[in-house]
Q: 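Take this structure first; my questions come after.
Since the model is a prediction, treat every value here as computed from it, not as a measurement.
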Amino acid sequence: MYDDGYDHAAVERRWQEAWDDASAYRTPDDVEDPTYVLGMYPYPSGQLHMGHVRNYTITDAYARYRRMCGDDVLHPMGWDAFGLPAENAAKERDTSPRDWTFDCIETMKRQMESMGFGYDWEREITTCTPEYYKWNQWLFLRFLREGLAERRDAEVNWCPECETVLADEQVEGDDERCWRCETPVERRELEQWFLSITEYADELVDAIDGLEGWPDSVRQMQRNWIGRQTGTRLEFDVSGAGEEYGGVEAFTTRVDTIFGATFFALAPDHPITEDLTETDESVQAFLEHEADPEGDEPNGVETDLTATNPVTGEELPVFVADFVLSDVGTGALMGVPGHDTRDHVFAEKMGIDVRPVIAPAPDGGEAEPPDVSEEAYTEDGVLVNSGEYSGLESAEARERLTEDVDVADYHTQYRLRDWGISRQRYWGTPIPIVHCEACGAVPVPEGELPVELPEFINTTGNPLDAAEEWKQTACPDCGADAERETDTMDTFVDSSWYFLRYVSPDLGDAPFDLGRANDWMPVDQYVGGIEHAVMHLLYSRFVTKTLADHEGLEHREPFENLLAQGMVQLDGEKMSKSKGNVVSPQAIVSEYGADTARLFMMQAAQPERDFDWSEQGVQSAYRFLSRLKELVGAYAGGGIETTAETDSIAEYVEDETGAAVVVATEEYDGLVFNTAVREAQSLVSTLRQYREYAAVHEETFERALSVSIRLLAPVTPHVCEELWETLGEDGFVVDADWPDSDADRETAEKRRRLVENTREDVRQIVDVAGIDDPERIDIVVTPEWKHEALNVAIDSDAPNVIGALMQRDEIKRHGEAAAAYGQNLQESREALQRTLDPDTELDALESAAWLIEREFDADVRVLAAEDAPDDVREKAEPSRPAIDIVE
Ligand code: ANZ
Ligand code: ZN
């Protein structure tokens, strides 16, 4: 344990038990509309890592804050318990994925409890239980019924050694080897199940505009992933080498550039390309040796074909090119090197014509074609060299051309593909389908769900394929012998609706209680890693929309506010097992306690930012908590001298307490925990100085302690619970009322800045003048007229400030001094800001005088301008008092 600390282990155990005994974090079913705070549930790997701890401390602190503000709060936790790692671990250790997973869950749950996360454990869900995955199967059947699930051929990565399909992430290296056995991966066509997310593509993009509580970066990633493009599809007649291919479709977003098309290009697996490989050796050679679709450089080969531009009738050379993607658009494009960057590079390399047909909009006069010899001009503009369309603006030309040309039509295309959910693995939800020779793929009737997983068989390939007895069944339609589908579902299916299950985790006859889900959804604050910015969040949005369309859910978006937390790093690098730079949360908890770990994490940075783990940071958090504990203990034990008399110091502490409350509240609302915590910490530091300086005003001091404890309680709940008790307060601090204050943040911050700047000025003068032992420090507040002059300068729009000032007698009568100050104001006019009025300045400085007195060990007098000698008063300005130091 850290020297002169406190017995954190005892404190934390004690309060965890007390909360548990009181079911402090239970959310009863009958609350109306709780604030729903959710952290992305973890995969039970067996080890809670720093990323988890950060994620869950953020949600926990926010949930606790909302509770103290008086909200009912729903803050549940569960387990994303299916997945390949369990299957691999089970194979290696010769156990079952189920046993391994439940062991991991047990350890991780204990680790979470030791962190003091306030979850309603009675709502815990575990996706690998039949009680949960039954509803994945139900969901699948509903999709099927609505025509949103479909079985079709798809290409997959196949490892012939492991006899399994691999996800893209599991194929490694340029030579594409299996991540497990390093066998080169093959492509195979397999029948797979797909969910029709593309049917919702438009809504999924359009509704992003309404997700105002999401980070812009995530919204943009979703837009890019869906990749909606509106443009034109048009046909080019292709022929040559003795073949007539007829109209071949190309997709373009820039049909306005069609007069600049100088070539036509086909994807390497376009049907025409495949046809050419039979006869054209150079195409064959290109595909075998040169084509590199992943490379940066566009490669291609010319064919013997030509394509006819449907607008100009011009014959264009046809290339096979590797930058034309087969699954984008139609797998064919018109090349416009003058206006498309990639086409330009390709044209230079292949010696193709480059022609400008779009000019920057002219400032009156004729449009001048841009020079496109070195670089494409990619902006919209005015058409040139484009026959009867010359002179039109790009947007209008696109419409006219699409309408005029017979073989052209508007077309919207998407990057988004349907969601392939089939996995040839054991540890997932069995897809509830039976394959019958006569009837085909027959859904298992809802009443027969769940289709439970059989015992695990340790074998290569898919264990479900080897589970003969389980596989053999009767066709639900005709009763004939049939086989079960042996594919299981992508685990992203499990997480696409789990947030609904927490609402009624034990419900037996439906996936969620509809009425309650309608009342409790959406999740008010969702928190998780940026790695889920696309898939998990997109699938959840999709499933929510289908439930709204077909199952009566009254919400179309699941997550109202989203926070994507930053990474915890070590020496600037992401902590990861493979790099061996992992700091274990468990070790920190046992050495310093959960509160210290939580406090360090929350004060280190704003939650969205990455930050570096620092042992010093941890120790300083620990020292802070130890000092706080000592302070409250000393006060409660009568070890601090108190008085019933109030004075200017007490006033200062009162003001600071009020300021801390307003600032921290605002920052907690915005989840800016580091700033919120800093407020509480500096209040505690003020209290420690107060106690050393004078007998403390009892009421003020006690209120300030009580406020500090409550402001810290969301982040360091155990020690705050202990101190709340020490202070003699009733009940749990987690149930206490959030403090309030009628302080105004802006004024409070101006007061603080005034005091801080004044202290800094005194330091400077002492330093520059070489004063060893100041005896008296006079601080003189600005005279009223300068304050007025400043306001006139801010309000006036006269070009000359001095003129405006001299219209006021009150100012004018100060003669030369007024002119000189007016000159200053004129010079810094852009930067002028309103300040506190002289009375408030006087008040702020008077109540902070003790801090200056303490720092310099000198008498401090704060004087109004009229009480000061002329030569000192002259120097004072608004927010910049004059300072006179006597040695
Ligand atoms: C002619 C053109 C002229 C295009 C121009 C662009 C600019 P972006 O550019 O990202 O919005 N395209 C069409 N099918 C393609 C495929 N299968 N593989 C690769 N590229 C393809 O995407 C739209 C553009 O991508 C389309 O518009 C097309 O090039 C190209 F000055 O057509 B464009
Ligand atoms: Zn049948």
Q: Could you tell me if Tyr65 and Asp71 have a donor-acceptor pair between their side chains, going purely by distance under 3.5 Å?
A: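 Side chains of Asp71 and Tyr65: no pair found under 3.5 Å.
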
Q: What distance do Thr35 atom OG1 and Trp520 atom CH2 have between them, rounded to the nearest 0.5 Å?
A: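 Reported value, rounded in 0.5 Å steps: 11.5 Å.
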
Q: Heavy atoms only: give me the nearest Arg98-Trp427 pair and the separation to one decimal.
A: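 Closest pair (atom of Arg98, atom of Trp427, distance): CA-CH2, 3.6 Å.
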
Q: Could you state the interatomic distance from OH (Tyr56) to CE (Met112), rounded to the nearest 0.5 Å?
A: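 It is 5.0 Å, given to the nearest 0.5 Å.
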
Q: Check the pair Leu500, Met521 against side chain to side chain contact (heavy atoms under 4.5 Å, CB included), reporting the backbone distance first and the verdict last.
A: CA-CA 8 Å; Leu500 286 161; Met521 285 291 288; 3.7 Å; yes

Q: Once rounded to the nearest 0.5 Å, what's the spacing between atom CD of Glu131 and atom SG of Cys128?
A: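 Going from the CD atom of Glu131 to the SG atom of Cys128 covers 10.0 Å.
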
Q: My understanding is that only one of Phe143, Trp225, Trp497 makes a ring pair (Phe, Tyr, Trp, His ring centres under 6.0 Å) with Phe542; could you say which?
A: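 Exactly one pass, corresponding to Phe143.
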
Q: For the ring pair Phe559 and Phe499, is the centre-to-centre distance below 6.0 Å?
A: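 Under 6.0 Å, so yes.
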
Q: Do Lys545 side-chain atoms and Arg556 backbone N/O form a donor-acceptor pair below 3.5 Å?
A: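 Yes: the side chain of Lys545 pairs with the backbone of Arg556.
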
Q: Check Trp121, Phe117, Trp19 against Tyr25 for a ring pair (Phe, Tyr, Trp, His ring centres under 6.0 Å) and give me the one that passes.
A: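 It is Trp19; the other options fail the test.
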
Q: Tell me, with the steps shown, if Leu453 and Leu464 meet side chain to side chain contact (heavy atoms under 4.5 Å, CB included).
A: CA-CA 8 Å; Leu453 281 170; Leu464 289 182; 4.1 Å; yes

Q: Compute whether any side-chain donor of one residue and acceptor of the other, for Arg223 and Gln220, lie under 3.5 angstrom apart.
A: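 There is such a pair between these side chains.
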
Q: What heavy-atom pair brings Trp419 and Ile197 nearest, and what distance separates the two atoms?
A: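 Closest pair (atom of Trp419, atom of Ile197, distance): N-CG2, 3.9 Å.
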
Q: Supply the atom-to-atom distance Thr59 OG1 to Tyr526 OH, rounded to the nearest 0.5 angstrom.
A: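 So the gap between those two atoms works out to 11.0 Å.
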
Q: Closest heavy-atom contact between Cys178 and Val185?
A: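 Nearest heavy atoms, Cys178 then Val185: N-CG2, 3.6 Å.
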
Q: Establish, yes or no, whether a centroid distance under 6.0 Å links the rings of Phe140 and Trp193.
A: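 Between Phe140 and Trp193, the centre distance is under 6.0 Å.
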
Q: How many angstroms lie between CD1 in Ile433 and CG in Asp487, if you round to the nearest 0.5 Å?
A: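 It is 11.0 Å, given to the nearest 0.5 Å.
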
